[in-house]
Amino acid sequence: MKDTPSGTAPETDPDTALALVPGERDRLLEEAVALRAGGRREEARERLVSLAARLPGDAEVAYQAAWAHDVLGLEAEAVPYYETALAGPGLTADDRRGALLGLGSTYRTLGRYEDAVGLLEPATAEFQEDGALRAFLAMALYNTGRHHDSVRLLLTLLAATSEDPSVREYRPAIEHYARDLDAIG
């Protein structure tokens, strides 16, 4: 393992990867995910770290390892796994969306606000219908001092997604002011 500014990165040298028999990777991954889902989060993390070391270029394993760190509050340790997961192909669209959200949120939690914005802005363009990505982008924009952009994004999201009758009644006005918060009249 090598040290990086964001923590300890997963081993990425393919020559160090240990061979798995056919089907073993999927079985080990499924078991670890089931452990996390069943509340045995630390055991899941340990297994996923081990599997990621054995399969350093596997995006899905890296994503699951990142997630396992995140749910334990180990955000700094999750970053290199998220970065590995997003570095190449191998994630389904849903897992890619989850990895972008996880890494963007983690960057923000760690005070890496510009990194969060830099990741989440293109992510919201890639996954335009994902309100969670837009909400986390709004928080990161706020943290970078882009308050106007943050409020505009949140108002747009609120107008588009709220089922609250009182919000729906004023949806056109909310959408109008979201485009120009400084508008008068």
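- Side chains of Asp164 and Ser162: a donor-acceptor N/O pair is absent below 3.5 angstrom, by distance only.
- Scanning for salt bridge (charged side-chain N to carboxylate O under 4.0 Å, His left out) contacts around Arg108 gives an empty result, with sequence neighbours left out.
- The shortest side-chain heavy-atom distance between Glu75 and His69 does not fall under the 4.5 Å cut-off.
- The 12-atom threshold is exceeded at CZ of Phe127, counting heavy atoms of other residues, nucleotides or ligands nearer than 6.0 Å.
- Under the side chain to side chain contact (heavy atoms under 4.5 Å, CB included) criterion, Asp115 pairs with Tyr107, Arg112, not counting sequence neighbours.
- At least one side-chain heavy atom of Val49 sits under 4.5 Å from a side-chain heavy atom of Tyr81.
- For Ala99, the side chain to side chain contact (heavy atoms under 4.5 Å, CB included) partners at least two apart in sequence or on another chain are Tyr63, Tyr82, Leu86, Leu91.
- How far OG1 of Thr124 is from CG of Leu101: 11.5 Å, rounded to the nearest 0.5 Å.
- By the salt bridge (charged side-chain N to carboxylate O under 4.0 Å, His left out) test, Arg97 is found to be paired with Asp94, Asp130, residues two or more places apart in sequence or in another chain being considered.
- With sequence neighbours left out, Thr144 forms a side chain to side chain contact (heavy atoms under 4.5 Å, CB included) with Tyr113, Glu114, Val117, Arg146.
- Identified under the ring-ring contact (aromatic ring centres under 6.0 Å, His included) test for residues 83-106, with sequence neighbours left out: none.
- Residues satisfying the side chain to side chain contact (heavy atoms under 4.5 Å, CB included) test with Glu46, not counting sequence neighbours, are Glu42.
- Not counting sequence neighbours, Asp70 has no partner by the salt bridge (charged side-chain N to carboxylate O under 4.0 Å, His left out) test.
- Atoms CZ and CG, from Arg134 and Leu157 in turn, are 5.0 Å apart once rounded to the nearest 0.5 Å.
- The side-chain heavy atoms of Glu60 and Arg25, taken from C-beta on, include a pair separated by under 4.5 Å.
- Within the structure, every pair that satisfies the salt bridge (Lys or Arg N to Asp or Glu O under 4.0 Å) test and touches residues 166-181, not counting sequence neighbours, is listed here: Glu163-Arg168.
- Other cluster members for Tyr170: Val151, Leu155, Leu158, Val167, Ile174, Leu181, joined by side-chain heavy-atom distances under 4.5 Å among Ile, Leu, Val, Met, Phe, Trp and Tyr.
- With sequence neighbours excluded, no residue satisfies ring pair (Phe, Tyr, Trp, His ring centres under 6.0 Å) with His148.
- Atom CD of Glu121 sits about 9.5 Å away from atom CG of Leu153, to the nearest 0.5 Å.
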Show which side-chain atoms of residues 26-38 pair as donor or acceptor with protein atoms under 3.5 Å away, not counting sequence neighbours.
from  : atom 1 : to    : atom 2 : distance (Å)
Arg27 : NH1    : Glu31 : OE1    : 3.4
Arg27 : NH1    : Glu31 : OE2    : 2.9
Glu31 : OE1    : Arg47 : NH1    : 3.4
Arg36 : NH1    : Gln64 : OE1    : 2.7
Arg36 : NH2    : Gln64 : OE1    : 3.2

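- The distance from the CG atom of Asn143 to the CE atom of Met139 is 8.5 Å, given to the nearest 0.5 Å.
- Contact annotation: the side chain of Leu51 approaches that of Leu55 to within less than 4.5 Å [non-hydrogen atoms, C-beta and beyond].
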